[in-house]
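One structure below.
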Amino acid sequence: MPSLEVITLSVNSVSTLEPVSRCQQLSELYLRRNRIASLSELSHLKGLPRLRVLWLAENPCCGADPHLYRMTVLRNLPSLQKLDNQAVTEEELSRALMEGEEVTAPSREGMGNGRPELSYALSAMNAMNAAAETGGDPLSYGEETASTQGQLGLKPPARDRFPSFPQREAVSSRKNRNNVLTAILLLLRDLDTEGLEAVHQTVVSRLQALHRQELQEDME
């Protein structure tokens with residue numbers, strides 16, 4: 001997807017930035033709380049001329065020295081305007097030239113067949129999209145998504161709940177619904193009790209509104 005301008009993959013299992021190097025239109029990249037182990041991965045972003053916003057905090061590559069981490073990122077990506085939700089200053093860019101470290105391309109050893117590890121969320125969505133495009137069942141979730149549904153007390157969506165539409169429209173609708181549902185289930189695991197209570201109240205209110213709408217339609 002070389003035309004992507006914004007990528008949000010926070011709280012996933014992304015371990016390499018190599019696939020991002022092909023997104024030449026990318027301007028914003030959000031990767032908080034992933035599995036990026038080394039700042040050498042920044043080498044994959046050097047060829048992105050429009051990249052202005054990067055959020056890389058809470059990755060193993062940030063290390064124990066926040067200052068060295070920030071200086072190194074800015075030395076290698078001097079076009080950034082915001083790093084980890086903090087504006088980049090001209091003074092920082094000047095200091096980064098002296099205090100930051102130049103990174104080199106990461107070794108490909110240990111990458112198995114040479115393909116970078118992809119996050120679960122992307123893999124799940126790609127699998128559903130592929131199933132829909134090939135006529136398979138896009139409602140067949142991966143094991144991890146099913147497990148998450150069980151932990152949250154959610155039942156898998158019933159197949160007979162979907163109306164019969166023309167094939168293309170139905171496939172598109174199911175794909176969009178499943179992508180949204182997968183993303184929500186993954187994000188729920190990162191919420192505390194207060195956050196889950198807020199989500200619960202919102203869901204209850206939404207369900208009540210839908211029930212009222214159905215009753216009104218039945219009366220009409």
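No experiment lies behind these values; they were computed from the predicted model shown.
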field: Donor-acceptor under 3.5 Å (Asn12 side chain, Ser10 main chain)
entry: yes
message: Within the structure provided, determine whether Val20 and His44 are in side-chain contact (heavy-atom separation under 4.5 Å).
response: no
query: Is there a chain of hydrophobic side chains (I, L, V, M, F, W, Y, each step under 4.5 Å between heavy atoms) that links Val14 to Met1?
result: yes
message: Does Gln216 form a side-chain contact (heavy atoms from CB on, under 4.5 Å) with Met219? I'd like the steps, not just the answer.
response: CA-CA 5 Å; Gln216 290 176 355; Met219 293 176 62; 5.6 Å; no
message: I'd like to know if Leu17 and Trp55 are part of one continuous hydrophobic network [Ile/Leu/Val/Met/Phe/Trp/Tyr, side-chain heavy atoms within less than 4.5 Å].
response: no
field: Arg212 side chain vs Leu207 backbone, donor-acceptor pair below 3.5 Å
entry: no
query: Any chain of hydrophobic side-chain contacts (each under 4.5 Å) joining Leu51 to Leu9?
result: yes
field: Donor-acceptor under 3.5 Å (Thr72 side chain, Glu101 main chain)
entry: yes
message: When you compare the side chain of Gln24 with that of Pro49, does any pair of heavy atoms fall below 4.5 Å?
response: yes
task: Verify the neighbour count for atom NE2 of His200: are there more than 12 heavy atoms of other residues, nucleotides or ligands below 6.0 Å?
output: no
field: Heavy-atom side-chain contact between Arg70 and Gln86 under 4.5 Å
entry: yes
- prompt: What heavy-atom pair brings Leu48 and Cys23 nearest, and what distance separates the two atoms?
  reply: CD2-O, 3.3 Å
task: Give the intermediate values and the outcome of side-chain contact (heavy atoms from CB on, under 4.5 Å) for residues Leu26 and Glu5.
output: CA-CA 4 Å; Leu26 191 65; Glu5 297 180 7; 5.8 Å; no
query: Quick one: does Arg95's side chain get under 4.5 Å of His67's, heavy atoms only?
result: yes
- request: State whether the side chain of Asp84 and the backbone N or O of Ala57 hold a donor-acceptor pair below 3.5 Å, judged by distance alone.
  value: yes
- request: Please check if any side-chain donor atom of Asn85 sits under 3.5 Å from a side-chain acceptor atom of Tyr30, or the reverse.
  value: no
- prompt: Does any non-hydrogen side-chain atom of Arg52 lie less than 4.5 Å from one of Leu80?
  reply: no
task: Using atom types as modelled and distance alone, determine if a side-chain donor or acceptor of Glu92 lies under 3.5 Å from a backbone N or O of Thr89.
output: yes
query: Hey, mind stepping through Leu74 and Tyr69 against side-chain contact (heavy atoms from CB on, under 4.5 Å) and telling me if it holds?
result: CA-CA 9 Å; Leu74 294 180; Tyr69 152 72; over 6 Å; no
message: To check you understand the geometry: which heavy-atom pair defines the closest contact between Ser43 and Ser40, and what is its length?
response: OG-O, 2.8 Å
field: Non-hydrogen atoms of Glu99 and Leu68 that approach each other most closely
entry: O-CD1, 3.6 Å
field: Derivation and outcome, side-chain contact (heavy atoms from CB on, under 4.5 Å), residues Gln25 and Arg50
entry: CA-CA 6 Å; Gln25 304 300 315; Arg50 300 189 179 187; 2.8 Å; yes
query: Any donor-acceptor pair under 3.5 Å linking the side chain of Arg33 with the backbone of Val11?
result: no
message: Treating Asn59 as the side-chain partner and Asn34 as the backbone partner, does any N or O pair qualify as donor plus acceptor under 3.5 Å?
response: yes
Side chain to side chain, Leu77 and Leu54, heavy atoms closer than 4.5 Å: yes
Any donor-acceptor N/O pair, Glu91 side chain to Val88 backbone, under 3.5 Å: no
- request: Kindly indicate whether the side chain of Leu39, heavy atoms from C-beta on, has any atom under 4.5 Å from the side chain of Leu56.
  value: yes
task: Would you mind reporting whether Leu4 and Ile7 have side-chain heavy atoms less than 4.5 Å apart?
output: yes
field: Glu102 atom CD, over 12 foreign heavy atoms within 6.0 Å
entry: yes
